[in-house]
Amino acid sequence: MRTYSRPIMLLTLSLLVSGSIAVAAPIYPGNILVIGQTEIGEYTAAGVLVQSITVPWPGGGTRPINERLRDSVALPDGRIAVFNGTFSPWLSVYDSHSGGWDHRTFAGWSTANSARAGGITAIGQRVIASDERTSGAGVPSGMVRFDLDSGATSRFETERGRQDVNIGLDGKLYALGTGTDPITEVYVFDPISLTRERTILLNFPVSASGIAANAGGELYITENGTSSIHHFAKDGEPIRTILTPGTSPNDIDIAPDGRVIFSTQTSGAFITDESFESIRLLTNVPLEEYVSFASYVPEPSSLALLTSLALAWRRAHRMSHR
């Protein structure tokens, strides 16, 4: 375990108490990450905003108008990986313990300038992002894997673009293709070897936006321009169509405990479970179009413990002076 000298600890405590430095707050397991235009909001399941994290534009200068935030995924070690941009995106990785950022990119990686494009998922420290065929420098397509441990980056499945990707609760990588709209196929991969295991033929075509899969391999696909989420069996046979409160449902995610979150382009983000019998508004700010669960368990450290004690002292100090 790392230790800190008494002078450093006292300096840190002094700065925290005085409010002279910003304190990074680890994401709480099971909370919900909602992506806005330029920031990530962490919400409880009750819809309470815990914190907002502004995502910087690493390209230098002001963020270009089309280079908006897209999807995000929480990693097991307390970091958050963000699909940051459109035609010239960055993988921006936020350390929720330290508040620091790390940015990396890859030649030819891009996505369409669409509210429903640009997906990201992860298995361990390997982050996988969709890659669409766009004009200019972003001609290559497929999927891009960033290994945050080794620093290696590679593109795979290059014969067509991908719009959304998701690691299902069954441990498989699911991908929505582009090039045809509506789509009739979903592709399933081994997320470690990156080999394609099978292709699921959907019984009826869907103008798809996002995809998630439960532990049994059943699919939930959001449909653009409608108020529908389609539930498919593992073999692509339709099970039911679920009507959503808002139109143009976009992103969707399923937690191991059965909770489901989805976002709409008109009415904000919603939380429910796989029955979809009770759908509750999580946040009503429109254009918060990408959602994910924070499911990792943070590792405490001496500095994190010190930070929490200092914050507790500050709260108690303020209450005593009211």
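Index from 1, following the sequence.
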Tracing side-chain contacts under 4.5 Å among Ile, Leu, Val, Met, Phe, Trp and Tyr outward from Ile229 reaches Leu169, Tyr220, Ile242, Ile252, Ile254, Val260, Phe262, Phe270, Phe276, Ile279, Leu281
Quick check against the 3.5 Å criterion: does Asp190 have a side-chain atom that pairs as donor or acceptor with the backbone of Thr195?
no
Review point. Counting only N and O atoms by type, is there a donor-acceptor contact under 3.5 Å from the side chain of Ser130 to the main-chain atoms of Gly119?
Key: yes
Checklist entry - Are Tyr187 and Tyr174 close enough that some pair of their side-chain heavy atoms sits under 4.5 Å apart? => result no
So the salt bridge (Lys or Arg N to Asp or Glu O under 4.0 Å) pairs with at least one residue in residues 233-247 (sequence neighbours excluded) are none
*asked:* Ring centroids only, cut at 6.0 angstrom: are Phe83 and Trp109 within range, meaning strictly under it?
replied: yes
- Hey, are Arg70 and Thr86 close enough side-chain-wise for a donor-acceptor pair under 3.5 Å? yes
Applying side chain to side chain contact (heavy atoms under 4.5 Å, CB included) to Thr184 and not counting sequence neighbours gives Pro205
Sorted by chain and residue number, the side chain to side chain contact (heavy atoms under 4.5 Å, CB included) partners of Ala175 (sequence neighbours excluded) come out as Met143, Arg162, Val165, Phe189
The complete set of salt bridge (Lys or Arg N to Asp or Glu O under 4.0 Å) pairs with one or both residues in residues 252-261, sequence neighbours excluded, reads Asp257-Arg259
message = Looking only at the side chains, is there a donor atom on one of Glu132 and Thr111 sitting less than 3.5 Å from an acceptor on the other?
response = yes
Q. For Tyr290, does its backbone N or O pair with a side-chain atom of Asp251 as donor and acceptor, under 3.5 Å?
A. no
Note to self: Run the side-chain contact (heavy atoms from CB on, under 4.5 Å) test on Ser209 and Glu223 for me, step by step, so that the C-alpha distance in whole Å, both residues' side-chain angles and the decisive distance to 0.1 Å come before the verdict.
What the structure shows: CA-CA 6 Å; Ser209 298; Glu223 183 167 22; over 6 Å; no
Ser228 versus Thr241, side-chain donor and acceptor atoms under 3.5 Å
no
Donor-acceptor pair, Asn31 side chain versus Ala294 backbone, under 3.5 Å? no
Across all chains, not counting sequence neighbours, the side chain to side chain contact (heavy atoms under 4.5 Å, CB included) partners of Ser278 are none
Fill in: Any side-chain heavy-atom pair of Val188 and Ile200 under 4.5 Å
yes
Exercise for the section: Measure from the side-chain N and O atoms of Arg280 to the backbone N and O of Ala45, and report whether any donor-acceptor pair falls under 3.5 Å. Expected result: yes
N/O donor-acceptor pair under 3.5 Å between Arg145 side chain and Phe156 backbone:
no
Self-check item: Main-chain N/O of Tyr43 paired to Gln51 side chain as donor or acceptor, under 3.5 Å
Solution: no
Between Asp147 and Gln125, do the side chains contain an N or O donor and an N or O acceptor separated by less than 3.5 Å?
no
How are the rings of His230 and Phe232 set relative to one another: parallel (under 30°), tilted (30 to 60°) or perpendicular (over 60°)? tilted
Rounded to the nearest 0.5 angstrom, the CG-CD1 distance for Asn113 and Ile65 is 9.5 Å
Under the 3.5 angstrom rule, does the side chain of Ser248 hit a backbone N or O of Gln265 as a donor-acceptor pair?
no
* Salt bridge Asp170-Lys172, side-chain N to carboxylate O under 4.0 Å -> no
Separation between CD1 (Ile32) and CD1 (Ile261), nearest 0.5 Å, reads 5.0 Å
Q.
Could you check whether any side-chain N or O of Glu185 sits under 3.5 Å from a backbone N or O of Leu201, counting only pairs where one atom can act as donor and the other as acceptor?
A. no
